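Remarks on the structure that follows.
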Amino acid sequence: MSASAGPSGGAGPSGGAGPSGGAGPSGVRARVLVRPKEGILDPQGQAVERALPALGFTGVSGVRVGRLIELEIADPAVLPEICERLLANPLIEDYEIEPANPVAPTQPA
Amino acid sequence: MPSSPPEAPVPPAPSGQAPVPPAPSGQAPTPPAPSGEAPTPPAPAIAFRHRALGLTDAEHALIVEKLGREPNEVELAMFSLMWSEHCAYKHSKLLLRTLPTEGERVVMGPGENAGAVDVGDGLVVAFKVESHNHPSAVEPFQGAATGVGGILRDVFAIGARPIAVLDSLRFGEPESARSRYLLEQAVAGIGHYGNSIGVPTVGGEIYFEAPYERNCLVNAMCLGIAPRERLIRSAASGPGNVLVLLGAATGRDGIGGASVLASAQLDEGDQAAKRPSVQIGDPFEEKKLLECCLELLDAELLVALQDLGAAGLTSSAAEMASKGGLGIDVDVARVPLREADMEPFEIMVSESQERMLCVVAPKRLPDVLARCARWDVRASAIGEITDCGRLRVLQADKVVGDVPVVALVDECPLYELAPERPTERLYPVPRQAASMDSALAPDAAPRDTLLALLAAPNIASRRAVFEQYDSIVQSRTIRRPAIADAAVLQLAPDGGSGALAVAIDCNGRRVACDPYRGTIETVLECAANLACVGAEPLGLTNCLNFGNPEKPHIAWQLTESVRGLGDACRALGIAVVGGNVSLYNEADEGPIYPTPVVGLVGLLPDRLRAGGLGFAQAGDAIALVGPFAPRLAGSELAKLRGEPLPDELGHADVEAIARVQRSVGDAMRRGSLSSAHDIAEGGFAVALAECCLAGGIGASVRIPGRVEDPIASLFGEGPGGFIVSGPIEALRARELGAVVIGTVGSTRLELTFERAETSLECNLEIAELAAAHTGTLEAILG
Amino acid sequence: MRLGVVRFPGSCDDGDALRAAAIVGDAEVLWHGDRDLRGVDGVIVPGGFSYGDYLRVGAIARFAPIMGEVERFARDGGLVLGICNGFQVLCEAGLLPGALLPNEGLRFVCRQVELDVVETSTAFTCDCPAGERLSIPVKHTTGRYFAPEAQLDELEARGGVLLRYAPGHNPNGAARSIAGVCNEAGNVFGLMPHPEHAVDPLTGSTDGLCLFASMRKVAGAVLAA
């Protein structure tokens with residue numbers, strides 16, 4: 001009866017864009033950090049940096065605002081490809097895959 | 001507005017402010033009758049848990065009487081929400097029944113999700129304004145965003161495609177960092193939702209006044225359009241029909257929102273404590289839901305449709321059942337959840353956004369589900385229509401709640417207010433505007449006063465705000481913000497030949513001075529805005545934002561205001577087709593200014609003749625129209641000077657002003673005028689400057705005759721005045737009753753008096769006016 | 001000539017694009033989940049917030065089934081116009097160089113801007129008056145055109161910049177005031193301003209019509225050939 005994807009926009013429109021399905025018992029949890037490439041103007045980071053002194057926090061510089069993506073994946077070997085193709089735009093963003101931990105076996109499917 | 005016909009018994013409630021209103025017919029709050037068995041045993045007796053949910057002891061006793069037993073947790077949660085001010089209008093319904101709601105154009109009046117009026121060409125326009133004040137005070141971005149999301153659902157719930165949003169915002173003075181933060185976030189939230197869903201935000205208003213410091217107001221209005229035959233009502237019908245929940249999964253968002261957030265005063269420490277129950281908006285989900293629902297309606301697959309707003313499933317299911325005179329079974333085990341461990345009562349009252357409820361005939365169900373799948377919209381059959389008149393909450397095969405629909409929807413006690421005119425000043429004297437006192441002093445040169453007023457937060461250019469809104473998507477907007485006194489939307493994309501005009505207004509400070517006349521002024525101002533673009537008013541919606549009505553002086557404000565609203569509407573021949581109340585807007589420092597926000601929709605037969613406010617043509621004559629009798633008391637200038645609010649406003653001859661509005665509207669429709677602008681905040685001189693700024697052209701104006709108080713004539717306020725421009729023959733036409741006072745042209749505004757000292761003259765470059773008018777909101781937004 | 005307008009979930013200006021396209025030819029909707037361009041002579045990827053613009057503007061839409069067909073169509077020389085979100089999608093899909101970043105001011109901006117037509121010899125601008133400015137609205141949060149300096153040099157050298165914001169009109173801090181770029185073959189064009197909102201004098205301007213008329217001229221010539 002459920003017709004669909006969740007509020008996040010779901011798995012994307014293509015269906016078959018890549019390996020799908022939840023992480024099985026052998027899967028791992030991973031974090032991908034995406035941030036603006038060095039040298040690219042980051043107005044969000046600048047806005048944060050400008051706001052901090054007003055709150056009494058001085059001496060903060062080099063603020064960059066990016067995003068954190070958490071996921072569970074059966075085959076972590078394809079993560080770089082997922083990053084290159086979807087999670088980050090290599091023209092403007094760098095990504096970093098954080099050391100992955102095995103998913104707890106009690107995790108519901 | 002009352003969400004149901006006047007059927008509910010009105011218990012004697014001699015004192016609206018009494019903490020424990022009496023139960024009807026003198027019923028004593030006795031323990032429950034032993035008969036009748038709860039579907040599940042009452043929750044462990046927590047003494048007075050109903051009080052924590054906002055119900056009085058008497059209301060609780062009445063619930064026990066209706067059920068014949070103690071309500072269990074699910075039932076109590078449902079009653080506490082359905083019997084809250086937000087859902088039951090228990091302190092306002094009796095007053096609201098005095099408003100005129102009939103009109104030949106009215107297709108749907110109060111009681112449906114939105115009001116609707118006929119605009120010809122087989123089209124109807126639906127519209128409604130609703131508050132999201134308390135959620136916005138707690139979390140302004142999401143509060144404002146979900147306010148827009150909610151009002152959009154109200155409109156497409158009756159089958160109308162949302163075509164425009166307007167908003168009415170109130171904050172404390174911009175010197176306050178909190179006010180600036182609230183403004184910035186609320187504007188961003190409105191933009192985020194409206195822009196992302198593809199509905200233009202075409203107008204609105206913002207005022208900064210100290211009494212809103214602790215209780216900001218965020219009211220959103222939506223207009224929708226539909227072919228007349230697509231309109232759908234929310235009444236369930238056909239026992240055996242399936243109840244289908246569409247859209248987002250249900251989480252713990254906004255639990256307790258309606259009763260705790262919307263019907264209790266905000267106190268210290270609330271901001272942090274109430275954050276977890278804030279609803280998060282997802283405009284993408286709603287965009288799919290909107291398109292999907294309209295497709296389902298076009299395919300005639302739905303029996304009824306209702307949005308989920310305050311009180312979530314409880315309210316939607318109960319309202320549907322009530323209007324159809326039927327019952328509904330809801331199985332909470334079949335509701336898709338975002339958090340697996342939710343209790344039945346949480347599922348029933350969750351205010352998770354982007355959900356709709358519809359009734360479908362069983363044979364149509366596969367088609368409905370298939371279309372939802374195509375739109376990537378979740379759809380779940382969660383119950384069915386019954387003929388037993390009860391709302392039964394099931395959890396798989398267990399009954400966890402069972403209440404008569406009529407008790408839930410129609411039998412909340414209604415309270416008579418106990419109004420008392422205050423004998424003391426309710427509001428502190430406005431603080432003098434420090435930065436500009438020399439320019440505002442009574443002996444200041446008018447040119448300096450004019451520049452200071454143009455830069456005042458309540459008058460300065462709104463560009464920095466409205467540029468954050470998509471005002472043009474859907475290709476209907478033929479008068480964008482700041483171009484005309486009302487937004488104008490052509491109906492060409494819908495196959496119509498004319499255009500709609502819409503405006504939203506309220507000057508709360510003037511209503512605070514005089515709730516009756518101030519509210520009349522509000523309606524007149526809104527109608528004047530429509531007249532200036534050449535539109536005839538079709539219908540009115542409103543949102544009554546007030547303090548705690550259980551206090552006699554607030555009850556007086558509310559009573560006087562609604563009386564003014566009714567009188568003004570009757571005089572102008574405008575039907576009230578819907579509305580909303582937001583009460584208890586007060587904090588320790590006191591109540592907000594009474595703020596009866598009025599939204600008015602009008603029709604222009606010829607879209608090519610929509611008016612604008614800017615002077616358009618060098619050589620055009622300029623004229624003053626209307627019985628304009630400006631006074632400084634209660635004006636923007638008086639506020640900035642730090643003068644106390646007067647005890648009353650000047651009398652307005654509503655009939656005369658209505659005639660003038662009709663003649664200005666007629667002249668615009670005939671094509672006789674190049675521009676029209678009504679005189680509002682800042683008075684005549686500010687209005688004149690606005691005409692120059694909008695047109696990018698100057699004017700030379702001479703005020704004729706003897707003027708008793710030149711400063712009041714320049715900056716005083718009051719209803720009924722218009723500045724129009726056009727060919728001189730047209731302005732001299734007798735039916736317009738205009739006084740020609742000047743000529744359009746040059747790059748300067750020159751303002752002189754026929755009989756007054758030359759020191760009172762203004763002579764300013766348009767660029768100087770523009771420099772003063774721009775920058776204030778930009779600075780506030782940072 | 002028949003133009004197809006892609007409809008993603010979250011598209012907002014699809015209806016406006018259809019109406020604009022209908023002024024110069026026939027117009028129809030292309031559903032995101034279909035793998036069929038229905039034989040149209042040109043494709044418009046419209047504005048809006050496809051897939052909520054979640055993750056990154058245009059990032060999810062580019063994988064929609066219809067986009068595979070649009071990419072094939074573009075490779076075969078078909079005319080593809082991306083407006084605002086459509087421009088973002090085409091950049092993400094690699095059909096156009098560069099990327100769109102958040103506006104310098106960080107806020108959404110809806111404003112009428114003036115544009116200089118840089119090239120009038122292309123499939124999308126051949127009907128635009130040379131040397132004249134176009135008044136067309138922008139409305140976006142993520143419209144700051146970006147490409148590495150070397151790529152910008154190369155882009156300008158090959159005449160790939162078709163529209164620039166006139167001096168004083170750059171609403172988002174776009175590199176070199178770039179408002180619209182085309183691919184090397186000249187058959188794919190993306191721009192942040194909304195020409196479909198500049199086709200009716202009542203709603204503000206008709207200056208956007210020349211872009212659609214250019215497409216008709218070129219597609220019509222192909223049809224006639």
Side-chain angles (χ1 to χ4, degrees), chain B residues 161 163 184 187-188 190-202 281-292 373-377 463-481 483 488-490 492-494 499 606-610 778 781-782, chain C residues 7-20 22-23 29 31-34 46-55 57 60-61 64 83-85 103 105-113 136-142 171-172 193-194 196-205 208:
Chain B
R161 172 176 288 280
I163 59 168
E184 197 220 339
V187 168
I190 290 165
H192 166 66
Y193 213 103
N195 298 343
S196 302
I197 202 168
V199 178
T201 300
V202 298
D282 181 356
F284 174 55
E285 184 71 32
E286 182 139 312
K287 172 70 172 167
K288 293 186 295 177
L289 192 57
L290 155 66
E291 298 297 342
C292 181
R374 183 176 137 87
W375 276 106
D376 204 10
V377 165
R463 179 172 301 275
V465 169
F466 68 71
E467 277 196 347
Q468 295 186 51
Y469 304 141
D470 182 344
S471 55
I472 59 176
V473 67
Q474 298 192 21
S475 300
R476 289 188 190 83
T477 314
I478 58 179
R479 287 295 177 269
R480 299 183 196 183
I483 300 293
V488 182
L489 305 160
Q490 62 174 339
D494 315 286
D606 182 352
R607 64 201 162 103
L608 299 176
R609 289 197 169 154
E778 285 79 356
L781 284 165
Chain C
R7 175 170 292 160
F8 298 112
S11 290
C12 294
D13 302 272
D14 45 341
D16 309 86
L18 282 166
R19 276 188 288 277
I23 296 174
V29 173
W31 183 251
H32 67 98
D34 292 345
F49 292 75
S50 54
Y51 300 93
D53 269 359
Y54 294 134
L55 188 63
V57 292
I60 298 178
I83 302 168
C84 194
N85 192 231
N103 296 349
L106 283 176
R107 295 192 176 123
F108 187 92
V109 57
C110 175
R111 183 187 295 168
Q112 201 76 15
V113 297
I136 293 181
V138 292
K139 50 187 189 84
H140 57 251
T141 314
T142 311
N172 49 37
H194 285 264
E196 81 282 22
H197 286 290
V199 297
D200 176 356
L202 278 180
T203 60
S205 137

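Letters A, B, ... are given to chains in the order of the sequence lines, protein chains preceding strands, and every chain is numbered from 1. Remember, predicted model here, so these are calculated numbers, not experimental data.
Nearest heavy atom pair, residue C/F108 against residue B/Y469, reads CE2-C, 3.9 Å.
Of the inter-residue distances, the one linking B/S196 atom OG with C/Y54 atom OH reads 7.0 Å to the nearest 0.5 angstrom. Rounded to the nearest 0.5 angstrom, C/L18 CG and B/S475 OG are separated by 10.5 Å. Interatomic distance, C/R111 CZ to B/I472 CD1, rounded to the nearest 0.5 Å: 12.5 Å. In this structure, B/H192 NE2 and C/F49 CZ are separated by 9.0 Å, a value rounded to the nearest 0.5 Å.
In this structure, the portions of B/L781 lying under 4.5 Å from any heavy atom of chain C include both its backbone and its side chain. Residue C/T141: no heavy atom, backbone or side chain, is found under 4.5 Å from chain B. When heavy atoms are compared at a cutoff of 4.5 Å, C/D200 approaches chain B solely by way of its side chain, counted from C-beta outward. Contact annotation for B/Q490: only side-chain heavy atoms (C-beta onward) come within less than 4.5 Å of a heavy atom of chain C.
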Q: Test side chain to side chain contact (heavy atoms under 4.5 Å, CB included) on C/K139 and B/V473 and set out the steps.
A: CA-CA 9 Å; C/K139 50 187 189 84; B/V473 67; 3.8 Å; yes
Q: List the steps and the verdict of side chain to side chain contact (heavy atoms under 4.5 Å, CB included) for C/T203 and B/R480.
A: CA-CA 8 Å; C/T203 60; B/R480 299 183 196 183; 5.6 Å; no
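Side-chain contact between B/P493 and C/R19 is present, with heavy atoms from C-beta onward closer than 4.5 Å.
Ranked by heavy-atom pairs under 4.5 Å with chain C, the list B/I478, B/N195, B/T477, B/L290 is led by B/N195. Among C/G105, C/C110, C/P137, the residue with the largest count of heavy-atom pairs under 4.5 Å with chain B is C/C110. In terms of heavy-atom pairs under 4.5 Å with chain C, the best-connected choice from B/R476, B/E184, B/E286 is B/E184. Between chain C and the residues B/K287, B/R463, B/R479, the most heavy-atom pairs under 4.5 angstrom are made by B/K287.
Taking the six-membered ring for Trp and thresholds of 30 and 60 degrees, B/F284 and C/Y51 have ring planes inclined between 30 and 60 degrees apart.
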